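The structure displayed is predicted, hence computed values, not measured ones. Lettering of chains follows the sequences in order, A, B, ..., and the numbering in each one begins at 1.
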Amino acid sequence: MMSNFNENSEKREERVTLDDLLQLKRYERPPEDFWDDFEVVVKERALQSVVTKKTWFKALLSAISRSWALRLSSGLGLAGVIIFCVVLFHPNNSLMEEGNSITVESGDDSRKDNVIEGEAPDEVKFIDVELALADSQTVGDKVEFIEVTLTLNESKVAEFDTVLSSNDLPDDTSDFVTYAGANVSTVLAESESHDPSGSL
Amino acid sequence: MAKTEEISNIATPTVGAESLAPNVDGDLSLVMQVQQGEVACFDKLVVKYRQRLFSVIYNLTANREDTADLVQETFIKAFRSIGRFKRNSSFFTWLYRIGVNTTLSFLKKNKARRFFSFERIDEEACRDDVLEVLSSKSLADKPTFLKELQEKLNEALQKLSNKHRTIVVLFEIDGLSHKEIASIMKCSEGTVRSRLHYAKRQLQGFLSEFLR
């Protein structure tokens, strides 16, 4: 570049062009110590930025909705278990007497069709639960089994939430960085919903 | 027709712009490693491109503190969205685009800011013969002359519109090709050439006292 400049400048007898002036800007640089710790600071800020902290009202809403969801699902589960037990242990229950087949002992034919077509999925679900509990004969065992299943499902939701937010972490930068660094591939996949290199 | 030739002559770089283009070998491999969770590889990309990015952003803002923040912000944005980088363009083009977008958005929001802070010219890298031609003064006066020249250059650049200044900086100072600039600014090469022509004509007027 400089040799080109020398040749050009000799030919032009020291004539200065706009390009010569602009080339001087290439030599404008910050002092070396400007870059001390630069990448460390960038890395910390970058990792910190991918860990989002929920606002207090979002955390409250989340807790309330989670509590309601837990109560509702527990209630529905319990009701399902009670209905299942009532049907299963009723003295006139045909399921107890005739195995897993579904029969309707009274009523007209149209009602019979509805029961077979409409209620089949629920029956399959309860029978699955019953099969898993083949050795457990008490109602208490079955209720506990359902409750544990519901609790496990809830914990899966909780684990997913902690990947995206850090409400459990203190306001300490290094903890955010450690947390984000440990979960970086998941966090990177979940963060930044838009492309920052969009049109100018 | 005559105008097209004129544009083409002015837009042709007097130095080999290709020689200033960054060596992008290995970038994609580093990007893939970062995408797989190896955060340390991103540091290598930061170290590789921080000086060039600083130069571009500094020449757009003419302010060191703003530049430092914007360079950091650019790398942070790049890190956050590196999972979405599809390798349709080179990493440095993508990074520059983020940097230029971030800087232009900042300048739009902060139109009133018009104070300049100057980085020192690396006098070891910049050979004396360049300055001798420019100053026609003894080298003892070099610091004073350099400061004056820097002020005038920055003032002249800041008088250009943001888009014109960006093209001048990317082409004349950072040495990118018309094609690379078109890719960064998402416009045609013809637009780059015409904007460059217009911008240089304006600069010639602003810096006439130095052009002898």
Rounded to the nearest 0.5 Å, what separates atom [atom1] in [X] from atom [atom2] in [Y]?
{"X": "Phe34(A)", "Y": "Thr67(B)", "atom1": "CZ", "atom2": "OG1", "result": "7.5 Å"}
{"X": "Arg26(A)", "Y": "Asp174(B)", "atom1": "CZ", "atom2": "CG", "result": "8.5 Å"}
{"X": "Phe42(B)", "Y": "Lys43(A)", "atom1": "CZ", "atom2": "NZ", "result": "11.0 Å"}

> Cut-off 3.5 Å, side chains only: do Arg45(A) and Gln72(B) have a donor facing an acceptor?
Replying inline: yes

> Does atom OH of Tyr198(B) have more than 12 heavy-atom neighbours from other groups under 6.0 Å away?
Replying inline: no

> Hey, does the side chain of Arg29(A) reach the backbone of Gln51(B) with a donor-acceptor pair shorter than 3.5 angstrom?
Replying inline: no

>> With a 4.5 angstrom heavy-atom cut-off, is it the side chain or the backbone of Val168(B) that approaches chain A, or both, or neither?
In response: side chain

>> Does any backbone or side-chain atom of Ala156(B) lie under 4.5 Å from a heavy atom of chain A? Answer side chain, backbone, both or neither.
In response: neither

>> Looking at Glu39(A) and Arg50(B), is any side-chain nitrogen of the basic one under 4.0 Å from a carboxylate oxygen of the acidic one?
In response: yes

> Should Asp19(A) and Lys200(B) count as an ion pair when the cut-off is N to O under 4.0 Å?
Replying inline: yes

Residue pair [X] / [Y], side-chain heavy-atom distance below 4.5 Å:
{"X": "Lys152(B)", "Y": "Leu21(A)", "value": "no"}
{"X": "Lys25(A)", "Y": "Leu157(B)", "value": "yes"}
{"X": "Phe38(A)", "Y": "Phe54(B)", "value": "no"}
{"X": "Leu22(A)", "Y": "Leu203(B)", "value": "yes"}

>> For Val41(A), which atoms come within 4.5 Å of any heavy atom of chain B: side chain, backbone, both, or neither?
In response: side chain

